[in-house]
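Scroll down for the structure; my scribbles are underneath it.
Residue numbers start from 1 in every chain, and the chains themselves are labelled A, B, ... in the order their sequence lines are given, proteins ahead of strands.
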There are 2 protein chains.
Amino acid sequence: MNETAQRLMDMAEAHIRHAGYRGFSFRDLAAELGIRSASVHHHFPTKGTLVAAVVRRYGDRFLATVASRSSETEDDAISAYRSAFRTALERDGRMCLCGVLTAETGVLTPEVVEEIRSFFRRCIDDLTRRIGGSEAAARAYHVMATLEGGMMLARAYRDIGAFDQATASLA
Amino acid sequence: MNETAQRLMDMAEAHIRHAGYRGFSFRDLAAELGIRSASVHHHFPTKGTLVAAVVRRYGDRFLATVASRSSETEDDAISAYRSAFRTALERDGRMCLCGVLTAETGVLTPEVVEEIRSFFRRCIDDLTRRIGGSEAAARAYHVMATLEGGMMLARAYRDIGAFDQATASLA
DNA sequence: GTCTATAATTTGATAGAC
DNA sequence: GTCTATCAAATTATAGAC
């Protein structure tokens, strides 16, 4: 995976989080990079291949971030998830990449759909393990749902205060 | 607003909840109804006009449903919201129309964006009023976020059990 | 209210030269 | 790895006849 491919993935991720899967074309990416759309196809044969790779990388990075920012205790884990999502929201009003893509499930390729499911499963499994106890799974689902919905509300209101209010009771 | 316009709105809503704002074209709607796309433009001049009307009607119907299914008490209101969303999820795996559209904010017309914001505001204001007390607003944001995120998880997992787990602690 | 016809643009993807 | 050139299809929208 060379630098051009990395840049293409960066741009694709930004576009998706702004306007969804169909919020950009290969020509858009090519123009931003100063090349032609046929060259983009050299790095990623299809749009589905590109987006699946973007989702996988997003999940790897996200889980590494929350792991580095928290110990193994429950409150730390929830706070780490909350602040990781809040940072992107604060910086450019973006919600979770996978939250955005889930809305377009009906037109995504099977490989992209599977990568999205994998992201949520990895997060909820990680949270469940860290929370522990008999209600751990239900709490993990609750935390993840509230964070995703909180980002959605903040975006609709154009106000990060909506995220803060929605998630204040979590940790 | 005649019957053809109503049907066009029904079809548009179903398409959006399946694949987003760009998940259908005027030609798709026309073909389903056995007419031509130019005739769809007679009822709704632009796609933005159509979708704004669909969102407005969705909000009116949703608020009427939760009002009819609950008294003025707090637990009743939260349960009514929860079961109203759960019904559509159970029937055809669809999440909230406005939750879907929020993901595509970047390509929506201003009138559609404003209708979406209006939907969330109406819901949260209604919940806040019914919950009452000093923490009412924060609780209303929390409930709405958890329900929206719960629908998102259920869709990603293709399992309504995810919604149930995420929202079990609400009411 | 519906039609035919069409404009103007964009899209994902491919073939093959350099 | 990047290019030119191109394809086949789809999109939103409009003009004007019936």
Open item on the list: Can you pull out the residues from residues 17-29 of chain A that lie within a 4.0 Å heavy-atom distance of DNA chain D?
Closed with: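 Here the set is Arg27(A).
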Open item on the list: What I want to check is whether the side chains of Thr102(B) and Thr105(B) have a donor and an acceptor closer together than 3.5 Å.
Closed with: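 Result is no, nothing qualifies.
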Open item on the list: Using a strict heavy-atom distance below 4.0 Å, which residues from residues 35-53 of chain B are in contact with DNA chain C?
Closed with: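 When residues 35-53 of chain B is checked for heavy atoms under 4.0 Å from DNA chain C, the hits, listed by number, are Ile35(B), Arg36(B), Ala38(B), Ser39(B), His42(B), His43(B).
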Task: DNA chain C contacts made by residues 6-14 of chain A, counting heavy atoms under 4.0 Å - done: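 Heavy-atom contacts with DNA chain C come from no residue of residues 6-14 of chain A; none.
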Open item on the list: Please tell me whether Phe163(B) and Phe85(B) form a close aromatic pair, meaning their ring centres lie under 6.0 Å apart.
Closed with: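 No, ring centres 6.0 Å or more apart.
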Under 4.0 Å between a Lys/Arg side-chain N and an Asp/Glu carboxylate O for [X] and [Y]?
{"X": "Asp60(B)", "Y": "Arg122(B)", "value": "yes"}
{"X": "Arg69(B)", "Y": "Asp76(B)", "value": "no"}
{"X": "Arg139(A)", "Y": "Glu135(A)", "value": "no"}
{"X": "Arg27(B)", "Y": "Glu32(B)", "value": "no"}
{"X": "Arg129(A)", "Y": "Glu72(A)", "value": "yes"}
{"X": "Arg57(B)", "Y": "Asp10(B)", "value": "yes"}

TODO: Using the six-membered ring wherever Trp is involved, compare the ring planes of Tyr141(A) and Tyr157(B) and label them parallel, tilted or perpendicular (cut-offs 30° and 60°).
DONE: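 Ring orientation of Tyr141(A) relative to Tyr157(B): tilted.
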- [ ] Fit a plane to each ring of Phe26(A) and His41(A), take the angle between them on a 0 to 90° scale, and name the class: parallel (under 30°), tilted (30 to 60°) or perpendicular (over 60°).
- [x]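 Aromatic pair Phe26(A)/His41(A) classed tilted.
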- [ ] Let me know the distance between CD of Glu3(A) and C1' of dG1(D), rounded to the nearest Å.
- [x]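 Atom-to-atom, Glu3(A) to dG1(D), this comes out as 14 Å.
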